Amino acid sequence: MNAQDAPEPEPAPPADAGASPEPAAQAPARRNPLAIAALISSLLGLGILAVALAVTALAQIVRRHEKGEREKGTALAFSAIAVSAAWLIALSLVMAYGPRLHRTGGTGRVAVARLNTGECFIGLEKTAADRLVTVLPCTRPHDGEIAAQASLPDDDTYPGDQGLSDEAEKVCTARFNFLAQSRYLDDLDEFIDEPTPSNWLRGDRHVTCAVLYRGGTPLSEPLAATVDIHRKPVGALVAGDCLAKWDAEASMVSPVSCSQPHEIEVYATADLFELRLGSNPFAYPGKKALARKAAHACGEHAEQVFGGHPPAGGVLDFMAPSAEKWGAGLPSVICVVKARNGMLTRTVVTK
């Protein structure tokens, strides 16, 4: 066999015969511009805008993925929502606790005007210009409590120092009414923090109505817990009211059941109006003149109630009004039966 008779070689198959075609190169996924804008807005504190942009971006990313398009930005959108939530929490904390965080000179004391109604404190000096206090829970010993926070009428004209004080007192007086039945009423002192003239001109109309306790032992409960619904003014006592103890200087008293041990029982009251018929009816007639008239008035009532004889175990007495009560328009004398020894344990007055 010669070279001419040799078979020709078969052509080689194409290089890609039988092989799978390579996939076409895909464009890199782009970031959703709204997701980027949402993150930037959240970092700037634009919470509502950031959340709106983030939600829109997430919706766009989902739709484009469903169409086979590639787009990034999910992490950015969720980050924007998280940052916005953090801003919201921080803002809420500032609004809730901001006034309490106001400190002066790093002493931990707070301007009394920045306290909330019902907060208790110690250390208020009425003569101090800064009027700083230390806030405490009302269950811990304290000597002051905020009764109310109020605002004066928004008048552009400054009413003057006295006019401002009068307006502030008028606003706070209504807020102090609930204290009339507090068992510590006679030891309570009102304190009103009003805007200074310069603050008034800057638009400040804020008034703080505080109550200071001047008793011996500091309070360890809120003022609301000291209110006794059974308390009444001394002038409102009637025959048959019994008192566990009598304080001649008290303006409010708390009657008890006459079946409980008590020091006195009221058998009558008398208005010494005839002593107010002079040229100056509000002038105090003097202790001796008042005592004579009181003794005579109560003696007449004792004759009617007891037939002139005091009940067993009791002594007839009377409580004449003080000069302060007389000047306040309370000229009544309280006719009472006092325990001769120890305490009374039953009623001695037939109603």
Side-chain angles (χ1 to χ4, degrees), residues 138-139 141-143 145 177-189 211 213-272 287 290-291 293-326 328 330-351:
C138 292
T139 53
H142 60 277
D143 55 18
E145 182 177 331
N177 284 342
F178 79 99
L179 296 174
Q181 292 181 296
S182 170
R183 60 180 179 272
Y184 297 121
L185 175 64
D186 297 313
D187 294 320
L188 300 180
D189 187 14
V211 179
Y213 177 68
R214 301 307 189 193
T217 304
L219 291 175
S220 295
E221 58 184 341
L223 287 172
T226 71
V227 172
D228 180 356
I229 61 174
H230 301 294
R231 283 175 66 83
K232 63 170 69 175
V234 171
L237 287 172
V238 296
D241 281 341
C242 295
L243 302 176
K245 288 190 176 181
W246 173 259
D247 180 358
E249 300 300 322
S251 57
M252 299 285 292
V253 292
S254 298
V256 298
S257 171
C258 293
S259 61
Q260 299 179 14
H262 54 280
E263 185 177 290
I264 68 170
E265 181 175 352
V266 178
Y267 69 85
T269 61
D271 189 348
L272 305 181
K287 184 178 290 186
L290 196 58
K293 287 290 184 180
H296 177 73
C298 287
E300 291 183 341
H301 283 287
E303 185 70 28
Q304 298 174 6
V305 176
F306 305 115
H309 302 287
V315 178
L316 299 182
D317 201 351
F318 62 86
M319 304 297 178
S322 64
E324 292 76 12
K325 292 177 181 177
W326 185 273
L330 300 172
S332 296
V333 58
I334 311 298
C335 308
V336 301
V337 177
K338 298 180 67 173
R340 185 182 301 275
N341 294 304
M343 305 285 277
L344 297 172
T345 57
R346 60 180 180 84
T347 183
V348 296
V349 176
T350 302
K351 297 186 180 180

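Values below: every heavy atom of this structure, side chains too, minus hydrogens, waters and symmetry copies. What you are looking at is a predicted structure, and each value in this text was computed from that prediction instead of being measured.
- Screening residues 218-233 for salt bridge (Lys or Arg N to Asp or Glu O under 4.0 Å) gives Arg183-Glu221, Lys232-Asp241 as the qualifying pairs, with residues at least two apart or on separate chains.
- Here the closest non-hydrogen pair linking Gly240 and Glu265 is CA-OE2, 3.8 Å.
- Of the possible donor and acceptor atoms, one in the side chain of His262 sits under 3.5 Å from a partner among the backbone N and O of Leu344.
- Among residues two or more places apart in sequence or in another chain, the side-chain hydrogen bond (donor to acceptor under 3.5 Å, both in side chains) test is passed with Thr217 by none.
- Evaluation of the salt bridge (Lys or Arg N to Asp or Glu O under 4.0 Å) rule for Asp317 yields Lys338 as partners, not counting sequence neighbours.
- Considering all non-hydrogen atoms of both residues, Leu185 and Leu179 come closest at CD1-O, 3.4 Å.
- Partners of Glu303 by salt bridge (Lys or Arg N to Asp or Glu O under 4.0 Å), not counting sequence neighbours: none found.
- Using a 4.5 Å heavy-atom threshold, the side chains of Val337 and Leu316 count as touching.
- Gln260 meets the side-chain hydrogen bond (donor to acceptor under 3.5 Å, both in side chains) test with no other residue; sequence neighbours excluded.
- In this structure Pro233 satisfies the side chain to side chain contact (heavy atoms under 4.5 Å, CB included) test together with Ala236, Met252, sequence neighbours excluded.
- Across every non-hydrogen atom of Ala294 and Val333, the tightest pair is CB-CG2, 3.5 Å.
- Taking Ser182 as the reference, Thr226 meet the side-chain hydrogen bond (donor to acceptor under 3.5 Å, both in side chains) condition, with sequence neighbours excluded.
- The two residues Pro321 and Ser332 come nearest to each other via the heavy atoms CD-O, 3.3 Å.
- Partners of Val234 according to the side chain to side chain contact (heavy atoms under 4.5 Å, CB included) rule, which considers only residues two or more places apart in sequence or in another chain, are Leu237, Trp246, Val253, Lys325, Ile334.
- Residues Leu223 and Tyr213 have side chains not in contact (no heavy-atom distance under 4.5 Å, counting atoms from C-beta outward).
- With sequence neighbours excluded, the residues forming a side-chain hydrogen bond (donor to acceptor under 3.5 Å, both in side chains) with Asp189 are Lys126, listed by chain and number.
- Take Phe318 and apply the ring pair (Phe, Tyr, Trp, His ring centres under 6.0 Å) test, not counting sequence neighbours, and it matches no residue.
- Here the side chain of Gln181 pairs a donor or acceptor atom with the backbone of Ile229 at under 3.5 angstrom.
- Residues meeting the side chain to side chain contact (heavy atoms under 4.5 Å, CB included) test with Pro261, sequence neighbours left out: Met343.
- Here the closest heavy-atom approach between residue Ile264 and residue Val336 is recorded as CD1-CG1, 3.9 Å.
- Between the side chain of Arg340 and the backbone N or O of Gly314, at least one donor-acceptor pair lies under 3.5 Å.
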